[in-house]
Amino acid sequence: MKISVIGTGYVGLVTGTCLAETGNEVICVDIDESKVEKMRNGIVPIYEPHLDVLFERNIKANRLKFTTSLDEGLAHGDIIFLALPTPEDEDGSADLSYVLNVSEEIGKKIKEYKVIVDKSTVPVGTAEKVHKVIAKNASCEFDVVSNPEFLREGFAVDDFLKPERIVVGSSSERATALMKKLYNPFVRSGNPIIVMDEKSAELTKYAANSFLATKITFMNEIANYCEKVGADVDMVRAGMGTDSRIGKRFLFPGIGYGGSCFPKDVKALQKAGKDENYDFKILSSVIEINSSQKTILLPKIENYFKNDLKGKTIAIWGLAFKPETDDIREAPSIDMMDALLDKGAKLKVFDPEAIPNIEKRFGDKLNYCESMYAALDNADALLICTEWSIFRTPDYGRLKQLLKNPVVFDGRNLYNVNDMETEGFTYVSVGRKTVNL
Ligand SMILES: NC(=O)C1=CN([C@@H]2O[C@H](COP(=O)(O)OP(=O)(O)OC[C@H]3O[C@@H](n4cnc5c(N)ncnc54)[C@H](O)[C@@H]3O)[C@@H](O)[C@H]2O)C=CC1
Ligand SMILES: O=C(O)[C@H]1O[C@H](OP(=O)(O)OP(=O)(O)OC[C@H]2O[C@@H](n3ccc(=O)[nH]c3=O)[C@H](O)[C@@H]2O)[C@H](O)[C@@H](O)[C@@H]1O
């Protein structure tokens, strides 16, 4: 099939590449000329594990092309995916201007039947709006489908190729048949394509993300309470998670959720509720708790240094909002770094992938290090914000030798508390006892 993808970010590029992998002819359109230039030169513009292999293979096979020309994209695809940004607007709602502006152009430019697929995360009623905007100028038939995306950054290729489900919101039999044909290769293992109306599909996406953010936030509150009463959140998590009704995943407490989606999507659903005079009280709590959770370790760091962080050097491991990505959007590390800089601390930072993005945000305010151990050299303490695998088994001897004080503040509970106690570290984590303070 002929596919066009408008917007070649984390979702668009993965969608385009994976659809090319199953034999479709794909053109990816992006407004960012430098990005398109890079991709034309065979460079994957984002860090996403396993994407490079598929990317290269499909470019070589002539199934994956890139352009800045919307006209070219619209002429090519029978199915046109919109994978455009829907960032948080000033009032918390999703900014639909990217989606609606491109839709307006689509209306003016399409000359034969097309299925316009909204893959961006958008509020209930957007498919209707997109339909209206296109219909204003369209001289041919078209259908609008809502097809929310559930991939996770860092696992995007795997999630796309082997989705647990595909949601198709469509009230057109013709469009639904095309979508089923397109996605059939991805659901051979028996996972379902769930067809529903457009509004339910749109809400499914917000409900899923908001539920997951709530699950994490609930565990963060349990963790905070564990510290008050001397319980161990790892034990509580294991005890709870084995109940299949609860499940083991997304119960890991820490310094809050970040990323390009949970924060904005929870706020967008809360705002959408408000617009209908519905008060999503649970979401308001989630937003408030997550915001304070991001700096939950700050008072503990201040306490260790007797409220005087001026001139103290803190090493930070992990800056991306989660491992296996270079994405720093809403990363808890940013809140911690802002707060520490504000208190007069100096920061030596390391992340395997996110430093270029962090450098754009912080400039020369930080000391960027080439390795995890270089960051420790002469630092007064270590703070961990992201659980990259390489941090999991450090050389404890080297850690102690390089740090001025053997103290680790761990926002992701990477280490066994008893091991850290035996190794002689002052070890502060989330929802577990602090040792050697
Ligand atoms: N990042 C993720 O893991 C997931 C994101 N989503 C949703 O997918 C949508 C896209 O998200 P990302 O891929 O993360 O965004 P992104 O910011 O990484 O990529 C968006 C791309 O669209 C391009 N663009 C902007 N205006 C354009 C235009 N007029 N014409 C052509 N290209 C244009 C930008 O240059 C950029 O390359 C959002 O609604 C997001 O909520 C959904 C599931 C997962
Ligand atoms: O809409 C989206 O963009 C995507 O948002 C999330 O994916 P992503 O943001 O890539 O990453 P997650 O693995 O979900 O992690 C999000 C945040 O929650 C935090 N988290 C996750 C799990 C956990 O147990 N504890 C926890 O604090 C992570 O550190 C991270 O900051 C969802 O998992 C995807 O299904 C969805 O498609």
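Just so you know, ligand 1 is whichever comes first in the structure, and atom 1 is the first atom listed for that ligand. Please read these numbers as outputs of a predicted model, since none were measured by experiment.
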Peer 1: Is Ser260 touching ligand 1 with its side chain, its backbone, both, or neither, if touching means heavy atoms under 4.0 Å apart?
Peer 2: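 Looking at Ser260 and ligand 1, just side chain atoms fall under 4.0 Å.
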Peer 1: Which protein non-hydrogen atom lies closest to atom 32 (N) of ligand 1, naming both residue and atom, and how far is it?
Peer 2: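 That would be Ile31 N, 3.3 Å.
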Peer 1: Looking at the rings of Trp317 and Phe350, which for Trp means the six-membered one, are their centres under 6.0 Å apart?
Peer 2: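 Between Phe350 and Trp317, which both carry aromatic rings, the centre distance is not below 6.0 Å.
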Peer 1: Under 3.5 Å, N or O to N or O, is Val11 touching ligand 1 that way?
Peer 2: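 The answer is yes, given that Val11 and ligand 1 share an N or O pair closer than 3.5 Å.
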Peer 1: Of Lys119, Glu153, Glu88, which has the heavy atom at the shortest distance from atom 3 (O) of ligand 1?
Peer 2: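 Going through Lys119, Glu153, Glu88 one by one, Glu153 has the nearest heavy atom to atom 3 (O) of ligand 1.
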Peer 1: With sequence neighbours left out, write down each residue that passes salt bridge (Lys or Arg N to Asp or Glu O under 4.0 Å) with Asp335, or none if nothing qualifies.
Peer 2: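 If we apply the salt bridge (Lys or Arg N to Asp or Glu O under 4.0 Å) test to Asp335, skipping adjacent residues, the hits are Lys294.
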Peer 1: Using non-hydrogen atoms of the residue, decide whether Arg249 is closer than 4.0 angstrom to ligand 2.
Peer 2: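 In this structure, Arg249 fails to qualify as a contact of ligand 2 - no heavy atom is under 4.0 Å.
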Peer 1: Identify which one of Arg432, Lys433, Lys300 satisfies the side-chain hydrogen bond (donor to acceptor under 3.5 Å, both in side chains) criterion when paired with Glu227.
Peer 2: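 That would be Lys300; it is the only one of Arg432, Lys433, Lys300 passing the side-chain hydrogen bond (donor to acceptor under 3.5 Å, both in side chains) with Glu227.
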Peer 1: For Gly254 and ligand 2, answer yes if some heavy atom of the residue is under 4.0 Å from a ligand atom, otherwise no.
Peer 2: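 Judged by the 4.0 Å heavy-atom criterion, Gly254 does not count as contacting ligand 2.
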Peer 1: Taking distance alone, with N or O pairs closer than 3.5 Å, would you say Lys322 contacts ligand 2?
Peer 2: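 So ligand 2 has an N or O lying under 3.5 Å from an N or O of Lys322.
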Peer 1: Is Glu153 touching ligand 2 with its side chain, its backbone, both, or neither, if touching means heavy atoms under 4.0 Å apart?
Peer 2: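 The answer is both.
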Peer 1: Do any N/O atoms on Tyr257 end up under 3.5 angstrom from N/O atoms on ligand 2?
Peer 2: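 No; every N/O pair is 3.5 Å or more apart.
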Peer 1: Could you tell me if any non-hydrogen atom of Arg329 lies under 4.0 Å from any atom of ligand 1?
Peer 2: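 The answer is yes, since Arg329 has a heavy atom less than 4.0 Å from ligand 1.
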Peer 1: For Lys205, is at least one N or O under 3.5 Å away from an N or O on ligand 1?
Peer 2: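 There is no such contact.
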Peer 1: Given the ring of Phe252, does Arg412 sit roughly above its face, with NZ or CZ under 6.0 Å from the centre of the six-membered ring and within 45° of the axis?
Peer 2: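 Pair Arg412/Phe252 does not count as cation-pi.
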Peer 1: What is the closest protein heavy atom to atom 43 (C) of ligand 1, and at what distance does it sit?
Peer 2: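 The answer is Glu149 O, 3.3 Å.
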Peer 1: What do you reckon, does Gly259 have a nitrogen or oxygen under 3.5 Å from a nitrogen or oxygen of ligand 2?
Peer 2: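 N/O-N/O distance under 3.5 Å: no.
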Peer 1: Looking at Lys271, Lys267, Lys264, which one forms a salt bridge (Lys or Arg N to Asp or Glu O under 4.0 Å) with Glu88?
Peer 2: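 Per the salt bridge (Lys or Arg N to Asp or Glu O under 4.0 Å) rule, the option paired with Glu88 is Lys267, out of Lys271, Lys267, Lys264.
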Peer 1: Do any N/O atoms on Asp265 end up under 3.5 angstrom from N/O atoms on ligand 1?
Peer 2: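 Between Asp265 and ligand 1, no N or O pair is found under 3.5 Å apart.
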Peer 1: At under 4.0 Å between heavy atoms, is it the side chain or the backbone of Leu70 that contacts ligand 1, or both, or neither?
Peer 2: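 Neither part.
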Peer 1: Any nitrogen or oxygen of Phe150 lying under 3.5 Å from a nitrogen or oxygen in ligand 2? Just yes or no.
Peer 2: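 Yes - when backbone and side-chain N and O of Phe150 are compared with those of ligand 2, one distance drops under 3.5 Å.
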Peer 1: Relative to ligand 2, is Asn209 under 4.0 angstrom through side chain, backbone, both or neither, heavy atoms considered?
Peer 2: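 The side chain, only.
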Peer 1: Please confirm whether Arg152 comes under 4.0 Å of ligand 1, counting heavy atoms of the residue only.
Peer 2: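 Distance cut 4.0 Å: Arg152 fails for ligand 1.
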Peer 1: Is ligand 1 under 4.0 Å from a heavy atom in the side chain of Tyr98, in the backbone, in both, or in neither?
Peer 2: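 Just the side chain.
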Peer 1: Under 4.0 Å from a heavy atom of Val102: which atoms of ligand 1 are those, numbered in the order shown and with their elements?
Peer 2: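 Under 4.0 Å from Val102, ligand 1 has these atoms: 29 (N).
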Peer 1: Would one find an N or O of Asp32, backbone or side chain, under 3.5 Å from an N or O of ligand 1?
Peer 2: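 No; every N/O pair is 3.5 Å or more apart.
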Peer 1: Please list, in number order, the atoms of ligand 2 under 4.0 Å from a heavy atom of Lys205.
Peer 2: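 Once the distances to Lys205 are compared, the set is 1 (O), 2 (C), 36 (C), 37 (O).
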Peer 1: Mind checking whether Leu151 has an N or O less than 3.5 Å away from an N or O of ligand 2?
Peer 2: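 Yes; at least one N/O pair falls below 3.5 Å.
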Peer 1: Determine whether Asn224 and Gln293 satisfy the following criterion, side-chain hydrogen bond (donor to acceptor under 3.5 Å, both in side chains), listing intermediate values before the conclusion.
Peer 2: CA-CA 9 Å; Asn224 297 344; Gln293 194 73 16; 2.9 Å; yes
Peer 1: Relative to atom 7 (C) of ligand 1, which among Asp159, Asn101, Thr121 owns the nearest non-hydrogen atom?
Peer 2: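 It is Thr121 whose heavy atom sits nearest to atom 7 (C) of ligand 1.
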Peer 1: So, is Lys35 polar-close to ligand 1, with some N/O to N/O distance under 3.5 Å?
Peer 2: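 For ligand 1, there is an N or O atom that lies under 3.5 Å from one belonging to Lys35.
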Peer 1: Would you check the N or O atoms of Phe321, main chain and side chain alike, for any that come under 3.5 Å of an N or O of ligand 2?
Peer 2: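 Between Phe321 and ligand 2, an N or O pair is found under 3.5 Å apart.
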Peer 1: What do you reckon, does Leu251 put a non-hydrogen atom under 4.0 Å from ligand 2?
Peer 2: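 Right, Leu251 reaches ligand 2.
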Peer 1: Output yes when the distance from some N or O of ligand 1 to some N or O of Asp30 is under 3.5 Å, and no in every other case.
Peer 2: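 Yes; the residue has a nitrogen or oxygen that sits under 3.5 Å from a nitrogen or oxygen of the ligand.
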Peer 1: Would you mind telling me if ligand 1 is within reach of the side chain of Ile46, the backbone, both or neither, using heavy atoms under 4.0 Å?
Peer 2: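 It is neither; nothing of Ile46 touches ligand 1.
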Peer 1: Between Phe262 and ligand 2, does any nitrogen or oxygen pair lie at a separation below 3.5 Å?
Peer 2: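 It does not: no N or O of Phe262 is found under 3.5 Å from an N or O of ligand 2.
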Peer 1: I need the full list of salt bridge (charged side-chain N to carboxylate O under 4.0 Å, His left out) pairs touching residues 123-140, with sequence neighbours left out, sorted by first then second residue.
Peer 2: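 For residues 123-140: Glu104-Lys136, Glu128-Lys199.
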